[in-house]
Number of protein chains: 2
Amino acid sequence: MTKTRVTVIDIAKAAGVSKSTVSLVLQGSSLVHEGTRSKVSAVMRELGYVYNRGAANLRQAGAKSKIVGVVVNDLTNSFFAELAVGVDMVVQSAGFVQFLSNTGESIDRQREVVASMREHGISGLIVSPARATDAADFKPLVAAGIPVVVVVRNLPGAKVSSIVSDNQAGMMSAVKHLAGLGHKRIAFLGGFPDTAVFDDRLAGYRSGVEAAGLDYHEDLVVSSAPSRAGGVEAIGKAIALSRRPTAAVCFNDAVAFGVCDGLHARRLEPGADFAVVGFDDVIEAQAAVPALTTVSVDPQGIGRRGAQMLLKQINAGKAEAETVVTAVRLVVRESCGAGKTAPAKTGKSVKIETGR
Amino acid sequence: MTKTRVTVIDIAKAAGVSKSTVSLVLQGSSLVHEGTRSKVSAVMRELGYVYNRGAANLRQAGAKSKIVGVVVNDLTNSFFAELAVGVDMVVQSAGFVQFLSNTGESIDRQREVVASMREHGISGLIVSPARATDAADFKPLVAAGIPVVVVVRNLPGAKVSSIVSDNQAGMMSAVKHLAGLGHKRIAFLGGFPDTAVFDDRLAGYRSGVEAAGLDYHEDLVVSSAPSRAGGVEAIGKAIALSRRPTAAVCFNDAVAFGVCDGLHARRLEPGADFAVVGFDDVIEAQAAVPALTTVSVDPQGIGRRGAQMLLKQINAGKAEAETVVTAVRLVVRESCGAGKTAPAKTGKSVKIETGR
DNA sequence: ATAAATATTTGGAACGTTCCAATTTTGTCA
DNA sequence: TGACAAAATTGGAACGTTCCAAATATTTAT
């Protein structure tokens, strides 16, 4: 179809200079004479030259490929889509492009995409690991000097940087808020017990309960799939308890929505008859009826921050494993029964302190 | 950090063969002796060899880079996230990786990312163009023999393949359905009039109205931002009309949700007091209260199909511009007032014919 | 056992760029 | 104007792969 690619040599020939000079122009070197530079640039535009990064980083062996890999476990979940957008923002403005792949929680797929990305010479990787990812899986990458930043879910034994939200503090503040509203029996609903995130959030719940001077009862913890359906299931069990709770903090917003569904089905009004608090502050939380009180984690911010961290490591050449726990804030809306004074307004937000 | 990259020559040396043989093994050629192949593979594993695609497609000049670019206008919108997932699926199983970027409706950003992708040697591009994209923007790509598939929004003058959903038929079936329920005054709410998608959907509305033997009245068409807020606004105007409508088809689901909000605010129950139909069938449509009757477009399917089309063109080498209009189906739930018999069940679905 | 056929292996020469050391051009100062 | 410094330019030699044509090893058929 097309003739032959326009190369730096064609430009050189047409502009009457050497290929070295053209190369210098390409990298904006201050060595070239202003006149030469503009002539060469003009010729490039004229001939429709397109830079061949493949060839370039073949020569400059290694580090500077201008590609970062981004791997998420579920792009369908808007939480992760937002995260990817955040990464894209900073990565793009640094002149990098992102290789984005979705693993759909498949560990094999994750291995494949990471391998593929490596073949393509990524100079760094941001990953929200699939469930049950082996910490050793990223060993070869870091051994090869490719910085890795793990986000959202942390990998216990891996010596890589990570950035997670402050699950514990978030859940604790949610519980405190409910206790402040007078609730004595607060349940923890949803989530699979075998994940690090679950453990963190549950620990936060427990601290909150104890900080409020209430007793921690195991039967008030009802696990389930971290989905809307799981929420329906969990509230069903919770309602049936002899010590029936009057409020619940949920593993995430999806569960919280399910809980609201379940309450509706029993002719109970979330907010009025039973207080519900979510976690994540997904985009729909604000617009739901009733608007969901939830812990906001700003996935896009995590993405941006993770990308910054990664770029820093890429530029430094040295990958010093660093862990950041990002602040999180409780957004009070209607579903907890506290927002009734100003319905449908933007929720007032309670900034909470962050750990390190 | 790392010593020096392991290359095909290192493998050759260690396995006691020539680099050519190693290369042959790499591409799974049938020319190499079985014994040799396994020995070489073993050495590769042992030394931790990673293939350098950059070098590879430098040599095999051009077409086969195993990268496809994906550009969407709003990854935050779960519709496009789903689309990207669909693309990823087929692209990945064909041994390609996807370069995904988000333009956020910025035409400049779109230009940048496309240029960047080109420098990286993508062998094809799938794009959901930002608003007001110039059809000529992709001219250079196709001139260079890089297949381009436009999805979701079509570019009028561009000679590229495209795959859009059957907006017209979808809207028509929605109107017919409402008319069948006895509605005489059906409004068309939301959307910006300057887009191709709007035109298509409005045309479908008009055909539907006329096919049902009703009159088309311009005042029943109320445009607004294609968002939840826009929906609230639009229903406000519609309710105030002298010939007050009893039902509405909406530009998309977001608008439909806004319309429901607006109805609630006026103590009207969507489904019972006023029929509402959306468009897109976003993930929340099913779980909303009342569940939204809407036209389902399966973004993931579009992504998969677009990817298949692109791969076909990549393999064919020849890019024959082809246009596909994908079928769409009306999913009847509660918000139109017809689903009351089986509340909260999965909506029955009405498959409608597709154009070409 | 030997020629012919087939199976397997192999050195270069690309691909398009950057880097280096060396060269040429231009400018400055006495 | 000559000598020297500074500025600008320039030919190779890489980088890690694939391709090609040619060489070598193994079979097969006579």
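Here is how names work: the chains are called A, B, and so on, in the same order as the sequence lines, proteins then strands, and each is numbered from 1. Keep in mind it's a predicted model, so treat the numbers as computed, not measured.
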Which of these passes side chain to side chain donor-acceptor pair (under 3.5 Å) with B/Thr133: B/Arg153, B/Glu105, B/Gln110?
B/Gln110

If I take atom CG in residue B/Leu26 and atom C1' in nucleotide D/dT17, what distance separates them, rounded to the nearest angstrom?
9 Å

Can you see whether B/Ser23 engages B/Gln27 through a side-chain donor-acceptor pair at a distance of less than 3.5 angstrom?
yes

Among residues two or more places apart or on two chains, list those pairs meeting ring pair (Phe, Tyr, Trp, His ring centres under 6.0 Å) that have a residue in residues 100-127 of chain A.
A/Phe99-A/His120

How bent is the helix from C/dA1-D/dT30 to C/dA30-D/dT1, comparing axes over its five end pairs at each side, to the nearest 10°?
40°

Residue list, salt bridge (Lys or Arg N to Asp or Glu O under 4.0 Å) with A/Glu46, at least two apart or on another chain:
none

Using a cut-off of strictly less than 4.0 Å, decide whether A/Thr7 has a side-chain nitrogen or oxygen near OP1 or OP2 of C/dT17.
yes

Nucleotide-resolved protein contact map, nucleotides 19-25 of chain D, B/S/- at heavy-atom distance under 4.0 Å
B------

Taking only N/O atoms, report every protein-nucleotides 4-9 of chain D pair under 3.5 Å with atom names and distance.
unit_1 : atom_1 : unit_2  : atom_2 : d
D/dT9  : OP1    : A/Thr36 : OG1    : 2.5
D/dT9  : OP2    : A/His33 : N      : 3.0

Provide, to the nearest angstrom, the distance between the CG atom belonging to B/Asn57 and the P atom belonging to D/dT17.
12 Å

Between B/Asn73 and B/Ser128, a side-chain donor and acceptor under 3.5 Å:
yes

Write out all pairs satisfying ring pair (Phe, Tyr, Trp, His ring centres under 6.0 Å) with one or both partners inside residues 14-33 of chain A, taking only residues at least two apart or from two chains.
none

Would you mind reading off the distance between B/Ile9 atom CD1 and D/dC15 atom C1', rounded to a whole angstrom?
10 Å

Can you tell me how far C1' of C/dG11 sits from NZ of B/Lys13, to the nearest Å?
14 Å

Nearest-0.5 Å distance that lies between atom CG in A/Asp10 and atom OG1 in A/Thr7
5.0 Å

Holding to side chain to side chain donor-acceptor pair (under 3.5 Å), I want the full list of residues that pass it with B/Arg109, two or more places apart in sequence or in another chain.
A/Gln92

With salt bridge (Lys or Arg N to Asp or Glu O under 4.0 Å) as the rule and sequence neighbours excluded, what pairs involving residues 124-145 of chain A come up?
A/Arg111-A/Asp137

Can you pull out the residues from residues 40-54 of chain A that lie within a 4.0 Å heavy-atom distance of DNA chain C?
A/Tyr49, A/Tyr51, A/Asn52

To the nearest Å, give me how far apart NZ (A/Lys66) and C1' (C/dT18) are.
15 Å

Do B/Lys312 and B/Glu322 sit within salt-bridge range, that is, some charged N less than 4.0 Å from a carboxylate O?
yes

Contacts of B/Arg118 meeting salt bridge (Lys or Arg N to Asp or Glu O under 4.0 Å) (sequence neighbours excluded), chain-then-number -> none

Which residues share a salt bridge (Lys or Arg N to Asp or Glu O under 4.0 Å) with B/Asp74, sequence neighbours left out
none

Residue set satisfying side chain to side chain contact (heavy atoms under 4.5 Å, CB included) with A/Ala94, at least two apart, ordered chain then number -> A/Phe96, A/Leu311

For the pair made of CG in A/Leu58 and P in D/dT18, what is the distance, rounded to whole Å?
12 Å

